[in-house]
Protein chains: 2
Amino acid sequence: MTLSQTQHPDPAHDHDHCVHTALTTAAHLCTARGVQLTPIRHQVLELIWESHKAVKAYELLDRIKPLKAAAKPATIYRALDFLISQGLIHRVESLNAFIGCRCSGRSHEQLLLICKHCQQVEERTPEIMLKALAKELQSAQFVAHSKAIEIHGICKQCADKA
Amino acid sequence: MTLSQTQHPDPAHDHDHCVHTALTTAAHLCTARGVQLTPIRHQVLELIWESHKAVKAYELLDRIKPLKAAAKPATIYRALDFLISQGLIHRVESLNAFIGCRCSGRSHEQLLLICKHCQQVEERTPEIMLKALAKELQSAQFVAHSKAIEIHGICKQCADKA
DNA sequence: TAAAAAGATGTTATGTTATAACATTAGCCT
DNA sequence: AGGCTAATGTTATAACATAACATCTTTTTA
Ligand SMILES: [Zn+2]
Ligand SMILES: [Zn+2]
Ligand SMILES: [Zn+2]
Ligand SMILES: [Zn+2]
């Protein structure tokens, strides 16, 4: 499995496979860690994985209401907090939105490529760049706790179509 | 002038000089570009430069009210939009906040080091890392329009104090 | 097993961030 | 004056996020 350098989500790919992998991995990780992937959390994760587009919290709220009429903002934000804490999703800071993580389990720093046209987000782990960043931080004597590296632009597929 | 690799803002530095440089540079650039650094825009820029901490829009609103009682959110957001469009400030995506740019005039991509302890933000332009990023984007066949590279952690000064 | 503790969710309210839409004003050109 | 553009004023509301406290459920442990 060489997911670390996959292409920007190909429209023809087997997305059911993405979803299935994400959900089973999540279940296994939570079990192994002794934390609960409760029904609410599972549903939110599933909704996030409906596509490779970043999803907003209130979109999730709207989409979960048919399943869970009593859902409120806190319902969603708590589930999101949990999923982030377990590394199952990422927050896209520059969009106030969320995407499923394709590298769950391994702790990692990621580069997010956000297409302005199709809204899909590709996650990459560019070793060389991250090494260079680490070096820069060292020379700045700055101790990093978290990193947001987000690039907005146009993906290959959308560029080809135009 | 070697601002491109300055340290995380030293508490003892001559900040009046920072402010003076920023405001005069802004005035010159706007004149040269035929755009107007109006009183409101100038005031907002000045307020942003009160420190090297990132400032929130509604903080600016509160701080400008003594000077301009009629100020409303749109007043601030319009000024911020203008200052960003002219490259005089940066938006810090992961904080929903704003900082003065120390490299105004040159278009540039920047790395922001955000100290959780003192809230100060250091702007750097790490050539090697940015080259590596450009290469990665090329190999992903992704055309970048804008970049947000934001690191949260603890700066040297704060680490030393602890 | 009963009590206590910890974790998860329900519920209400509110705080924070940002924009839409339309009116008005100021400066400039003809 | 009349018409244009850029900037600002003004009102309203949309969009994003958390606080605080109540309740329920699961696990721990006496
Ligand atoms: Zn997929
Ligand atoms: Zn695209
Ligand atoms: Zn300074
Ligand atoms: Zn600091």
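Every chain is numbered from 1 and lettered A, B, ... according to where its sequence line falls, protein lines coming before strand lines.
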Task: Nucleotide-resolved protein contact map, nucleotides 8-23 of chain D, B/S/- at heavy-atom distance under 4.0 Å - done: BBBB----BBB-B---

Open item on the list: Less than 3.5 Å apart, any donor N or O on the side chain of B/Arg41 or B/Gln36 sitting next to an acceptor on the other?
Closed with: no

- [ ] For A/His108 and A/Glu123, test the side chains for any donor-to-acceptor distance below 3.5 angstrom and give the result as yes or no.
- [x] yes

Open item on the list: Could you tell me how far apart A/Leu37 (CG) and C/dG7 (P) are, to the nearest whole angstrom?
Closed with: 17 Å

- [ ] Take atom CZ of A/Phe82 and atom C1' of C/dA6, then tell me their distance rounded to the nearest Å.
- [x] 15 Å

Task: Residue-phosphate contact under 4.0 Å: B/Gln36 side-chain N/O, D/dA6 OP1/OP2 - done: no

TODO: Output every pair passing ring-ring contact (aromatic ring centres under 6.0 Å, His included) with a member in residues 49-69 of chain B, not counting sequence neighbours, ordered by first then second residue.
DONE: B/His13-B/His52, B/His15-B/His52, B/Trp49-B/His52

- [ ] State plainly whether the residues B/Arg63 and B/Glu59 are in salt-bridge range, i.e. N to O under 4.0 Å.
- [x] yes

Task: Shortest non-hydrogen separation from B/Phe82 to B/Cys30 and the atoms involved - done: CZ-SG, 4.0 Å

In a table with atom names and distances, give each donor-acceptor pair under 3.5 Å that connects a side chain of residues 70-77 of chain A to protein atoms at least two apart or in another chain.
| residue | atom | partner | partner atom | Å |
| --- | --- | --- | --- | --- |
| A/Lys72 | NZ | A/Ala70 | O | 3.2 |
| A/Thr75 | OG1 | A/Lys72 | N | 2.9 |
| A/Thr75 | OG1 | A/Lys72 | O | 3.1 |

List, one per line, each side-chain donor-acceptor pair under 3.5 Å for residues 109-116 of chain A, sequence neighbours excluded.
| residue | atom | partner | partner atom | Å |
| --- | --- | --- | --- | --- |
| A/Glu109 | OE2 | A/Lys147 | NZ | 2.7 |
| A/Gln110 | NE2 | A/His90 | ND1 | 3.4 |
| A/Lys116 | NZ | B/His145 | ND1 | 3.0 |

Output a table of nitrogen or oxygen pairs between the protein and nucleotides 28-30 of chain C separated by less than 3.5 Å.
none

Open item on the list: Using the salt bridge (Lys or Arg N to Asp or Glu O under 4.0 Å) criterion, which residues pair with A/Glu93? Sequence neighbours excluded.
Closed with: A/Arg91

